[in-house]
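Here's the structure, in structure tokens; my notes come after.
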Amino acid sequence: METKQFQAESKRLLEMMINSIYTKREVFLRELISNASDAIDKIYYKALTDDSLTFEKDSYYIKIEANKESRTLKVTDTGIGMTKEELENNLGTIAKSGSLAFKNENELKDGHDIIGQFGVGFYAAFMVADSVTVKSKALGSSEAFKWESTGAEGYTIEPAEKETIGTEIILKIKENTEDENYDEFLEEYSLKSIIKKYSDFIRYPIKMDVTSSKLKEGSEDEWESVQEEQTVNSMVPIWRKNKSELTEEDYTNFYNEKHYGFDKPLKHIHISVDGAVRYNAILFIPEKIPFDYYSPEYEKGLELYSNGVLIMNKCADLLPDYFSFVKGMVDSEDLSLNISREMLQHDRQLKLIAKNISKKIKSELLSLLKEEREKYEEFYKSFGRQLKFGVYSDFGANKDLLQDLLMFYSSKEKKNVTLDEYVSRMPEDQKYIYYASGESAERIEKLPQTELVAEKGYEILYFTDDIDEFAVRMLNTYKEKEFKSVSSGDLGIESEEEKKENESEEKENKELFEAMRGILSGKVKEVKASKRLKSHPVCLSTVGELTIEMEKVLKAMPNSQNVEAEKVLEINPNHEVFESLKAAFENDKQKFELYTELLYNQALLIEGLTIQDPVEFTNNICKIMV
Ligand code: ADP
Ligand code: MG
């Protein structure tokens with residue numbers, strides 16, 4: 001008989017997995033039981049929607065049998081089974097494209113549980129078995145097949161005898177080694193506790209033959225040991241259980257069992273609603289960003305169950321984009337089983353559930369923010385960007401819902417603060433919520449434009465994400481306070497007196513500024529005396545809707561139009577450089593031109609913009625040095 005080779009990729013992955021990833025080998029059983037349960041779900045679902053199939057409730061089960069003599073562990077299910085092709089396709093290749101690349105990048109140093117993330121759950125069997133045999137007969141098929149493999153070497157497939165539809169998996173459990181004990185996977189007691197721990201909520205009975213001592217019939221003191229079939233799991237899905245019965249560990253186990261993520265959940269949300277629409281849901285906020293989260297491949301969605309039967313793996317309609325990081329499931333009795341994907345979109349019940357869930361997630365996040373600030377900050381580091389996108393997208397339709405969840409870095413607190421915190425400590429004379437945009441907090445800290453606002457003692461929010469300014473533009477105000485960039489034309493800070501002083505300054509130097517504007521024509525809209533600069537000689541500000549940071553973001557986008565912020569070059573009239581500039585204006589036009597170019601380029605550099613001709617710029621500096 002010919003032995004087929006695993007695909008080269010599979011072989012490598014298999015070896016890596018078997019040798020390194022797992023700290024807990026016992027999870028192999030969870031994987032096999034979960035596959036068995038999926039397979040029964042499929043046949044059960046078919047029977048519910050196909051009148052030609054009728055099944056009795058008792059005919060769905062999973063059975064676990066251990067045999068110490070032959071060192072075998074058998075997992076039998078009455079599920080839908082696999083055809084020859086399915087055995088080959090589903091068990092013959094592992095690791096769908098992409099997963100392997102991911103493994104190399106991340107090295108899986110945390111020992112995170114990735115099995116199942118990528119549809120490699122079945123292979124966990126090789127962590128405890130020298131060889132695995134899968135016998136299966138598919139629904140609607142008259143023949144059965146046997147798949148056999150000793151691990152990385154490859155596998156064989158041949159016809160086999162099997163009466164009933166379903167699958168039987170036989171593991172030849174490894175011999176104990178110096179550091180590993182495999183016997184426990186043949187022990188009744190430990191098998192039972194593994195099932196309890198990971199698979200308790202599986203909806204179908206997981207049966208085991210359990211030995212117990214019983215009084216012999218007709219005797220009062222003579223005991224005998226008998227084998228009895230027992231159902232080990234409670235079969236009550238965790239989402240139907242009472243919150244008070246459940247521990248944090250139960251939720252974490254469920255999260256892992258379901259492969260919602262390979263981290264720990266940061267928070268779980270257990271919802272039971274019995275009102276206009278009835279449903280149970282368990283939702284999780286992950287601790288870490290999924291590796292593909294901000295990529296187009298990421299698919300949001302919750303598992304959708306109709307009265308306990310899984311009808312969709314990722315129901316996207318249940319989650320708005322701004323909460324796309326949420327994982328979990330929803331079970332509702334009010335949804336029809338044979339509802340199609342298209343119909344589901346218009347389903348009124350589903351819409352109600354989705355709305356309800358969104359509200360709940362928001363309020364849970366708010367309470368996390370209030371009660372467990374550190375955890376919230378951790379969450380925000382991972383997913384804050386998504387919330388800001390949420391404020392911006394759909395023309396701001398969700399801004400009211402999301403604005404209280406936002407955080408920005410504060411110049412005063414040197415950490416993230418909420419808008420509410422900012423507004424509640426604004427001094428009485430402060431009219432606006434001030435922000436400054438830049439690449440990083442360190443860079444913003446040094447921006448000359450922040451000088452005046454900071455000197456006034458006002459707090460400044462630092463916008464370091466490209467979405468920040470767009471999001472805030474969409475908000476427009478928070479608690480009736482308008483947002484204002486420290487680079488905007490009018491800061492709304494100066495007193496009447498200062499205004500007058502400025503005006504006279506402006507008049508006095510009108511010609512000079514006009515001349516500068518002439519030299520910089522096409523580059524800046526205006527040159528003027530700065531009101532905001534204290535120690536720096538120049539800066540750029542903007543008039544109109546677009547700020548410089550927004551220009552940068554828009555220009556970096558694919559097929560960007562040629563958008564330009566309307567820039568104003570501001571000169572500090574109290575800076576000694578201004579005196580030199582004035583002198584040059586009076587006496588040496590060439591020098592004046594040179595100074596103007598230099599100052600403009602300096603302002604560009606400060607903003608993190610590129611200078612059109614850096615060679616000329618450095619040559620110009622040299623000119624004034626000699
Ligand atoms: P996943 O469950 O994430 O798809 P697995 O590696 O656990 O990945 O299983 C691979 C595939 O093999 C399953 O999707 C399923 O199609 C098939 N399979 C595994 N076990 C069974 C089973 N007991 N009955 C029917 N099909 C199975
Ligand atoms: Mg699986």
Side-chain angles (χ1 to χ4, degrees), residues 6-7 9-11 13-14 16-18 21-22 27-46 59-65 73-100 102-103 113-129 132-141 144-149 151 155 157 160 162 164-171 198-199 202-207 254-262 299 303 310 312-314 327 329:
F6 285 115
Q7 294 188 356
E9 259 202 357
S10 313
K11 205 159 152 179
L13 181 53
L14 194 58
M16 264 198 283
M17 202 183 78
I18 293 171
I21 311 168
Y22 268 106
V27 297
F28 83 93
L29 191 57
R30 168 188 89 187
E31 297 301 331
L32 297 182
I33 289 175
S34 143
N35 285 348
S37 167
D38 290 349
I40 303 177
D41 265 349
K42 284 178 195 158
I43 203 167
Y44 183 81
Y45 183 53
K46 256 212 158 78
S59 53
Y60 304 114
Y61 64 89
I62 298 160
K63 179 139 189 186
I64 314 289
E65 290 161 283
L73 180 69
K74 188 155 99 178
V75 180
T76 310
D77 69 62
T78 59
I80 199 156
M82 282 177 276
T83 62
K84 186 177 181 217
E85 286 68 37
E86 283 166 341
L87 281 166
E88 187 136 339
N89 293 335
N90 298 340
L91 309 182
T93 48
I94 22 173
K96 291 153 201 159
S97 64
S99 56
L100 199 70
F102 164 65
K103 276 172 72 73
D113 183 348
I114 60 130
I115 288 193
Q117 276 290 109
F118 311 116
V120 294
F122 168 76
Y123 282 82
F126 288 104
M127 293 192 302
V128 299
V132 178
T133 305
V134 181
K135 241 184 182 186
S136 196
K137 187 170 182 182
L139 177 69
S141 156
F145 287 91
K146 187 168 86 174
W147 179 101
E148 232 165 347
S149 172
Y155 60 91
I157 291 187
K162 191 174 186 311
T164 52
I165 287 161
T167 303
E168 205 177 279
I169 299 179
I170 300 158
L171 311 189
Y198 296 106
S199 312
I202 294 285
R203 338 190 296 120
Y204 307 102
I206 303 170
K207 297 180 181 178
F254 182 67
Y255 184 82
N256 291 330
E257 209 283 337
K258 285 292 198 174
H259 304 308
Y260 288 140
F262 48 94
E299 256 186 275
E303 285 179 313
L310 182 68
M312 202 186 285
N313 273 325
K314 280 204 168 151
K327 304 281 181 192
M329 51 76 53

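Start at 1 and go down the list; that is how both ligands and their atoms are numbered.
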N/O/S atom of Asn35 inside 2.8 Å of the Mg ion (ligand 2), strictly under: yes
Under 3.5 Å donor-acceptor, Thr78 side chain and Tyr61 backbone: yes
Distance filter under 4.0 Å to Phe122 heavy atoms, resulting ligand 1 atoms: 5 (P), 6 (O), 7 (O)
Asn35 N/O to ligand 1 N/O under 3.5 Å: yes
Atoms of ligand 1 close to Met82 [distance to a heavy atom under 4.0 angstrom, numbered from 1]: 17 (C), 18 (N), 21 (C), 25 (C), 26 (N), 27 (C)
Donor-acceptor contact present, side-chain Thr83 to main-chain Ala138, <3.5 Å: no
Ligand 1 contact by Asp77, heavy-atom criterion under 4.0 angstrom: yes
For Thr167, side-chain hydrogen bond (donor to acceptor under 3.5 Å, both in side chains) partners two or more places apart: Ser136
Between Glu168 and Thr76: side-chain donor-acceptor atoms closer than 3.5 Å: no
Check: Asp38 N/O within less than 3.5 Å of ligand 1 N/O: no
Ligand-residue contact atoms, ligand 1 with Ala39, heavy atoms, under 4.0 Å: 24 (N), 25 (C)
Sidechain-backbone polar pair: Glu257 side chain, Phe254 backbone, donor-acceptor under 3.5 Å: no
Whether Tyr155 and Trp147 hold their rings parallel, tilted or perpendicular, with breakpoints at 30° and 60°: parallel
